There are 2 protein chains.
Amino acid sequence: MQRTSFENMNCPIARSLDRVGEWWSILILRDAFYGLTRFDEFQKSLNIAPNMLSRRLAGLVEEGLLEKRPYQDKPLRHEYFLTERGRDFRPVMLALLAWGNRHFAPEGEAVIVTERATGERVEPVLVDRASGRPVTDEALFETAPGPAADETTRARFTRRDAKRETLSTS
Amino acid sequence: MQRTSFENMNCPIARSLDRVGEWWSILILRDAFYGLTRFDEFQKSLNIAPNMLSRRLAGLVEEGLLEKRPYQDKPLRHEYFLTERGRDFRPVMLALLAWGNRHFAPEGEAVIVTERATGERVEPVLVDRASGRPVTDEALFETAPGPAADETTRARFTRRDAKRETLSTS
DNA sequence: CAGTATCCTGTCCGATACTG
DNA sequence: CAGTATCGGACAGGATACTG
């Protein structure tokens, strides 16, 4: 972990990636959302080497995404549950899912999101909570430096705006 | 690429990760969303080794997330632009951003999403497009096997539902 | 069943030097 | 400026054996 170089450590995206950037982490979380809790459940589902699973689970626990709960002594054994921080990762997972469905599933969708009551297929969109308008609409929304932005982050936006400027005047 | 093992290759999340799973890929996309297009712009912003940048850019082009456009001959030089597939990645980025802000920014938020007209801070939420209700509400929505689900995928859901069953009856 | 302990390999990634 | 070429190291990840 802590791959984030100095230039990027102020960026929330880089920080997130620092926690879940490794290949297996997100798939383990996926299975945690599916309700898996035990070592061998994860192992069978993922077909991952046991030492790797052990390492990744420990990592996710350390980052506060999963929490270990003992369910027996002698020998001590645990189940792994999503913490609040882990559950909050859900939008990322579902966005990833939607993106994969849209672009990498020529044969059709293998996993979909549905409404429980009706079983009806549902399409997840990212919107502004207050107004309900899609935040992906670049005419309406943009990213901007926040209160804790450091110099590097600010510079990034300065460059962006300068570039926009030249585009609109040329 | 193509790290996805057989067990997972039917999963849309795994497929997505196959495209953007490497550490730098997502940060390069981040900068592409910030409007960067040239090699050295990326390099300065990210502080990445040139060979790595070269490889990752080539990878993203190959996966159809970026597209190269020549802007001079002799020597031939390109700019890199987001394709539609790349732009569609935005919800994932913003979800990652929101998650990072919420959980890994004790000193405050460094990057925020704002409404362009007002400059007002905005909170992105993932909702069902039709009803506007948050898809993260597990009481209302769930994931389910889709039309292209294979045996492995189906089994995953069968196990999930079986586990839910035992939880509710115990 | 739930892991730990070892060993090995691939490759991601960094540093640096070079070119038109 | 926009890359390519090479070298090396660290570590993610795989295979396997072992334990209570």
Side-chain angles (χ1 to χ4, degrees), chain A residues 1-9 14 17-28 31-32 36-63 66-81 159 163, chain B residues 1-9 14 17-28 31-32 36-63 66-81 159 163:
Chain A
M1 308 270 170
Q2 191 53 349
R3 309 260 275 299
T4 314
S5 62
F6 179 76
E7 280 70 21
N8 291 304
M9 73 173 199
L17 290 176
D18 233 23
R19 270 63 183 212
V20 294
E22 292 89 19
W23 167 253
W24 284 116
S25 301
I26 292 183
L27 289 184
I28 292 174
D31 280 356
L36 304 195
T37 58
R38 298 207 175 173
F39 195 90
D40 82 309
E41 290 178 331
F42 288 109
Q43 198 183 343
K44 276 200 282 257
S45 170
L46 295 165
N47 193 32
I48 183 179
N51 57 346
M52 279 311 304
L53 179 57
S54 187
R55 261 151 64 176
R56 290 276 72 86
L57 283 175
L60 290 169
V61 168
E62 194 182 343
E63 302 293 358
L66 294 180
E67 126 190 73
K68 276 162 86 154
R69 283 190 223 149
Y71 67 93
Q72 74 165 40
D73 309 340
K74 294 198 205 258
L76 184 55
R77 288 295 119 97
H78 307 87
E79 292 185 289
Y80 299 87
F81 291 94
R159 282 197 298 269
K163 199 147 185 183
Chain B
M1 310 269 170
Q2 190 53 348
R3 310 259 275 300
T4 314
S5 62
F6 179 77
E7 279 70 20
N8 291 304
M9 72 173 200
L17 290 176
D18 235 22
R19 270 66 183 208
V20 294
E22 293 89 20
W23 167 254
W24 284 116
S25 302
I26 292 183
L27 289 184
I28 291 173
D31 280 357
L36 304 195
T37 58
R38 298 206 175 173
F39 196 90
D40 81 311
E41 290 179 331
F42 288 111
Q43 199 184 343
K44 276 201 282 259
S45 169
L46 295 165
N47 192 31
I48 183 179
N51 57 346
M52 279 311 304
L53 178 57
S54 187
R55 261 153 62 177
R56 291 275 73 85
L57 283 174
L60 290 169
V61 167
E62 194 182 344
E63 303 292 358
L66 293 180
E67 127 190 73
K68 276 163 85 154
R69 282 190 225 149
Y71 68 93
Q72 75 166 40
D73 309 340
K74 292 195 209 290
L76 184 56
R77 289 294 120 97
H78 308 86
E79 293 186 288
Y80 300 86
F81 291 93
R159 281 197 298 269
K163 200 147 185 183

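Here the structure is a predicted model, which is why all the values come from computation and not from measurement. By convention in this document, chain letters (A, B, ...) are assigned in the order of the sequence lines, proteins followed by strands, and residues within each chain are numbered from 1.
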[X] side-chain N/O to [N] phosphate OP1/OP2 under 4.0 Å:
| X | N | result |
| --- | --- | --- |
| B/Arg55 | C/dT11 | no |
| A/Ser54 | C/dG3 | no |
| A/Trp24 | D/dC11 | no |
| A/Tyr71 | C/dC1 | no |

Next item on the list: Kindly compute the distance separating CD (B/Glu63) from CG (B/Asp18), expressed to the nearest 0.5 Å.
Entry: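 If I round to the nearest 0.5 Å, the distance is 7.5 Å.
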Next item on the list: Any chance you could measure B/Ile28, atom CD1, to B/Met52, atom CE, to the nearest 0.5 Å?
Entry: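 Between B/Ile28 CD1 and B/Met52 CE, I get 8.0 Å after rounding to 0.5 Å.
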Contact list (N/O, under 3.5 angstrom) for nucleotides 15-18 of chain D vs protein:
from: D/dA15; atom 1: N6; to: A/Asn51; atom 2: OD1; distance (Å): 3.4
from: D/dA15; atom 1: N6; to: A/Asn51; atom 2: ND2; distance (Å): 2.3

Next item on the list: Would you check, one step at a time, whether the test side-chain contact (heavy atoms from CB on, under 4.5 Å) holds for B/Tyr80 with B/Lys68?
Entry: CA-CA 5 Å; B/Tyr80 300 86; B/Lys68 276 163 85 154; 3.3 Å; yes
Within this structure, what is the [atom1]-to-[atom2] distance between [X] and [N], rounded to whole angstrom?
| X | N | atom1 | atom2 | result |
| --- | --- | --- | --- | --- |
| B/Asp73 | C/dG20 | CG | C1' | 14 Å |
| B/Ile28 | D/dG3 | CD1 | P | 12 Å |
| A/Leu57 | C/dA2 | CG | P | 12 Å |
| B/Lys74 | D/dA2 | NZ | P | 19 Å |
| B/Glu22 | C/dC13 | CD | P | 6 Å |
| A/Gln43 | D/dG14 | CD | C1' | 12 Å |
| A/Glu79 | C/dA2 | CD | C1' | 12 Å |
| B/Leu27 | C/dC12 | CG | P | 16 Å |

Closest approach of [X] and [Y], non-hydrogen atoms and distance?
| X | Y | value |
| --- | --- | --- |
| B/Ser25 | B/Leu60 | O-CD1, 4.0 Å |
| A/Asn8 | B/Leu46 | ND2-O, 3.5 Å |
| A/Asn47 | A/Trp24 | O-CH2, 4.4 Å |
| A/Leu57 | A/Leu66 | CD2-CD1, 3.7 Å |
| A/Tyr71 | A/His78 | CE2-O, 3.4 Å |

Checklist line | Residue whose closest nucleotide on DNA chain C lies nearer the 5' end, A/His78 versus B/Arg77 | finding: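 Of the two residues, A/His78 wins.
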Next item on the list: Select from A/Asn47 and B/Glu41 the residue whose nearest nucleotide in DNA chain D is closer to the 5' end of that strand.
Entry: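 In this pair, the answer is B/Glu41.
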Notebook entry, point to check: NA contact type, B/Tyr80, heavy-atom cut-off 4.0 Å: base, sugar-phosphate, or nothing?
Noted result: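 Result for B/Tyr80 = sugar-phosphate.
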Check: Choosing from C/dC1, D/dG13, D/dC1, which nucleotide comes nearest the side chain of A/Arg56?
Finding: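 For the A/Arg56 side chain, the nearest candidate turns out to be D/dG13.
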Margin query: If a pair means Watson-Crick or G-U wobble with both distances below 3.5 Å, what does DNA chain C look like in dot-bracket form, with | marking bases paired to a different strand?
Written below: |||||||||||||||||||.
Item checked: Audit row: B/Phe42, B/Ile48, side-chain contact (heavy atoms from CB on, under 4.5 Å) steps and yes/no -> CA-CA 8 Å; B/Phe42 288 111; B/Ile48 183 179; 5.7 Å; no
Notebook entry, point to check: Would you call A/Glu41-B/Lys163 a salt bridge at under 4.0 Å N-O?
Noted result: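 A salt bridge is present here (some side-chain N lies under 4.0 Å from a carboxylate O).
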